[in-house]
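Just so you know, these numbers come straight off a predicted model, no measurement behind them.
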Amino acid sequence: MADNRLKYVRLSLAEISARSAFILDQIDRVETEIPNMGDQMQFPAVSSLTCVDDGNVSTTPQTPSDDLVTLNITSHPACFVDLPAVASTQNIGGNWADAIAGQALRAIRNKMDSDFLSDTAKVQSFDTAGDFVSNAAAAALTKTHFATAYAKLADQDGSDPQNFMWVLDAWAHAALMNLSEFHPNGSTDVSSLGVPMVGTLFGAPVFMGGRSCPRQITAATSAVSISSNVATATLSAGHGIQAGEVLSSSGLTTDVSGVTVTSVTATQAVYPCTASDGAFADGVGTLTTAAARNLLIDRSYCHAAIQKVPTTRIVDISGRTASELQISAIWGSATRSGRAINILAPAGSL
């Protein structure tokens with residue numbers, strides 16, 4: 001016999017999920033697939049085709065090279081709710097079921113949004129030429145920073161500005177208020193659960209991602225050496241730190257605070273550090289940037305496979321009269337390189 005408590009929660013989750021509008025609901029979705037842990041999905045595209053002039057010239061039919069992106073279903077966020085015995089006698093009736101389902105869905109989907117934006121920002125932002133970054137960590141965002149991001153993304157082959165979307169934190173959203181090019185909605189759709197679309201900028205919708213936007217980038221160091229008061233930190237590939245950013249360190253023999261990165265490579269960051277020449281004894285620590293990551297995303301080149309309605313089950317807790325409600329989802333995402341532009345901004349000021 002089915003558990004009545006579970007029926008109430010499932011009904012509430014289905015109703016709430018039908019009107020949710022989170023960041024991952026805006027990008028290219030695989031609606032027909034029910035993802036399971038370990039699944040892989042491939043998204044093909046044609047990287048380029050060559051045009052030739054018509055005339056008395058024999059041409060060889062082209063064999064397009066596949067531009068494949070593999071999406072791995074590897075993430076499994078979950079919420080665990082303790083249900084005392086007295087709750088069992090109440091069948092989780094009335095508003096309690098809605099409250100549990102709504103709060104769990106918010107927590108799970110916000111975690112998905114945060115992970116997606118963090119991964120997208122970190123991977124897309126690392127580029128020694130700064131091709132996928134709108135600006136160094138400026139003191140304040142201006143129209144030029146947003147316009148530069150828009151131009152860099154529109155300049156990519158196959159880009160369609162109709163598929164662009166801005167995802168901004170609260171401070172970057174506030175900076176838009178001074179721009180005549182920003183057209184606010186004037187009202188927010190309160191019927192949806194998730195991330196509000198607050199207006200448009202250069203014709204692209206603006207979503208206020210709030211704290212789902214990564215506030216800072218952190219990168220673990222495996223070694224640090226000093227030469228003439230200049231530190232060279234060895235990092236993992238795709239660390240996301242940019243030249244011109246302000247950073248601080250922790251856990252190192254000599255830590256710094258508020259210094260500007262002078263240069264980066266695929267596996268290194270160079271910054272000023274007053275200390276004796278030579279390698280740090282351990283060299284294992286963390287570098288943290290001061291800038292928040294806001295994004296302009298081409299959503300047609302981002303892909304996600306998500307369980308629309310989270311799965312639920314109730315299990316007994318050993319040694320207690322209570323049980324536990326488990327609400328979880330399985331998902332994965334992937335983006336193509338160069339299909340998101342970072343706009344760096346102070347993490348808590350205009």
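In this structure, R5 and I314 have side chains that are in contact, with non-hydrogen atoms separated by less than 4.5 Å. Side-chain contact between L168 and C213 is absent, with no heavy atoms from C-beta onward closer than 4.5 Å. Using a 4.5 Å heavy-atom threshold, the side chains of S17 and P310 count as touching. Annotation: side chain of I343 is not in contact with side chain of L295 (no heavy-atom distance under 4.5 Å). The closest side-chain heavy-atom distance from S75 to M112 is not below 4.5 Å. N36 is not listed as a side-chain neighbour of I73, based on a closest heavy-atom distance of 4.5 Å or more. Looking at V133 and E245, their side chains never come closer than 4.5 Å, going by heavy atoms from C-beta outward. W331 places a side-chain heavy atom less than 4.5 Å from the side chain of D115.
If you take CD1 on I327 and CD on Q103, they are separated by 10.5 Å, rounding to the nearest 0.5 Å. Here the NE2-CD distance, from H303 to Q42, works out to 11.5 Å after rounding to the nearest 0.5 Å. The distance from atom OG of S225 to atom CD of Q268, rounded to the nearest 0.5 Å, is 7.5 Å. Between L176 atom CG and L141 atom CG the span is 8.0 Å, to the nearest 0.5 Å. Going from atom OG of S323 over to atom CG of L83 covers 4.5 Å, rounded to the nearest 0.5 Å. Atom CZ of R339 and atom CG of L153 lie 7.5 Å apart (nearest 0.5 Å).
A donor-acceptor pair is defined here as one N or O able to donate and one able to accept, closer than 3.5 Å; no such pair exists between the side chain of E181 and the backbone of F202. Distance alone, capped at 3.5 Å, is enough to place a donor-acceptor pair between the H239 side chain and the T265 backbone. Listed for the T311 side chain is a donor-acceptor partner under 3.5 Å among the backbone atoms of S328. Here the side chain of T335 pairs no donor or acceptor atom with the backbone of C302 at under 3.5 angstrom. Looking at R336, its side chain does come within 3.5 Å of a backbone N or O of D67 through a donor-acceptor pair. With hydrogens and angles disregarded, no donor-acceptor distance shorter than 3.5 Å links the side chain of S118 to the backbone of S114. When atom types are taken as modelled, the side chain of T148 and the backbone of T144 share a donor-acceptor pair closer than 3.5 angstrom. Checked by atom type and distance alone, the side chain of D113 pairs as donor or acceptor with a backbone atom of L24 at under 3.5 Å. With H145 contributing its side chain and T142 its backbone, the two residues share a donor-acceptor pair below 3.5 Å. A donor-acceptor pair under 3.5 Å links the side-chain atoms of T289 to the main chain of I217, judged by distance alone.
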Side chain to side chain donor-acceptor pair (under 3.5 Å) between S250 and D255: does it pass, once the steps are laid out?
-> CA-CA 6 Å; S250 61; D255 282 318; 5.6 Å; no

Between F132 and K152, does a side-chain contact (heavy atoms from CB on, under 4.5 Å) hold up when you go through it step by step?
-> CA-CA 7 Å; F132 306 135; K152 284 188 173 184; over 6 Å; no

Take T234 and T232 through the side-chain contact (heavy atoms from CB on, under 4.5 Å) test and state the conclusion after the steps.
-> CA-CA 7 Å; T234 301; T232 301; 5.6 Å; no

Are R106 and S20 close enough, and set up right, to give a side-chain contact (heavy atoms from CB on, under 4.5 Å), and what steps lead you there?
-> CA-CA 9 Å; R106 284 185 181 91; S20 69; over 6 Å; no

Which is it for F280 and T221 under the side-chain contact (heavy atoms from CB on, under 4.5 Å) test, yes or no, and what are the steps along the way?
-> CA-CA 11 Å; F280 285 172; T221 65; over 6 Å; no

List the steps, then state whether side chain to side chain donor-acceptor pair (under 3.5 Å) holds for T288 with T218.
-> CA-CA 4 Å; T288 302; T218 59; 5.6 Å; no

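Ion pair R109/D25 flagged as a salt bridge, since at least one NZ, NE, NH1 or NH2 atom sits closer than 4.0 Å to an Asp/Glu carboxylate oxygen.
Nearest heavy-atom pair, P205 versus R299, reported as atom, atom and distance to 0.1 Å: CG-NH2, 3.4 Å. Q242 and V264 make their closest contact through C-CG1, 4.1 Å (heavy atoms, listed as atom of the first residue, atom of the second, distance). The two atoms that bring T274 and T254 nearest to each other are O-CG2, 3.9 Å, heavy atoms only. Summarising the geometry of A304 relative to I27, their closest heavy-atom pair is CB-CD1, 3.8 Å, with the distance given to 0.1 Å. Closest approach of T74 to M37, counting heavy atoms only: O-CE, 3.6 Å. Among all heavy-atom pairs drawn from F116 and S333, the shortest one is CD1-OG, 3.6 Å.
Linking ILVMFWY residues whenever their side-chain heavy atoms come closer than 4.5 Å, directly or via other members, places V259 and V261 in the same cluster. When the side chains of ILVMFWY residues are joined at heavy-atom separations under 4.5 Å, either directly or via intervening members, L235 and V256 end up in a single hydrophobic cluster. A chain of hydrophobic side-chain contacts below 4.5 Å, direct or via other Ile, Leu, Val, Met, Phe, Trp or Tyr residues, connects F22 to M197. Note: the hydrophobic cluster containing L179 also contains I341 (ILVMFWY, side chain heavy atoms under 4.5 Å, direct or indirect links). Note on I23: it does not cluster hydrophobically with Y301, by side-chain heavy-atom contacts below 4.5 Å among ILVMFWY residues.
Donor-acceptor pairing under 3.5 Å is lacking for the side chains of D277 and S227.
Y150 and F164 have perpendicular rings, their planes meeting at more than 60° on a 0 to 90° scale where under 30° would count as parallel.
You'll find the ring centres of F146 and W166 inside the 6.0 Å limit.
Counting non-hydrogen atoms of neighbouring residues, nucleotides and ligands closer than 6.0 angstrom, the CG atom of D316 reaches no more than 12 such neighbours.
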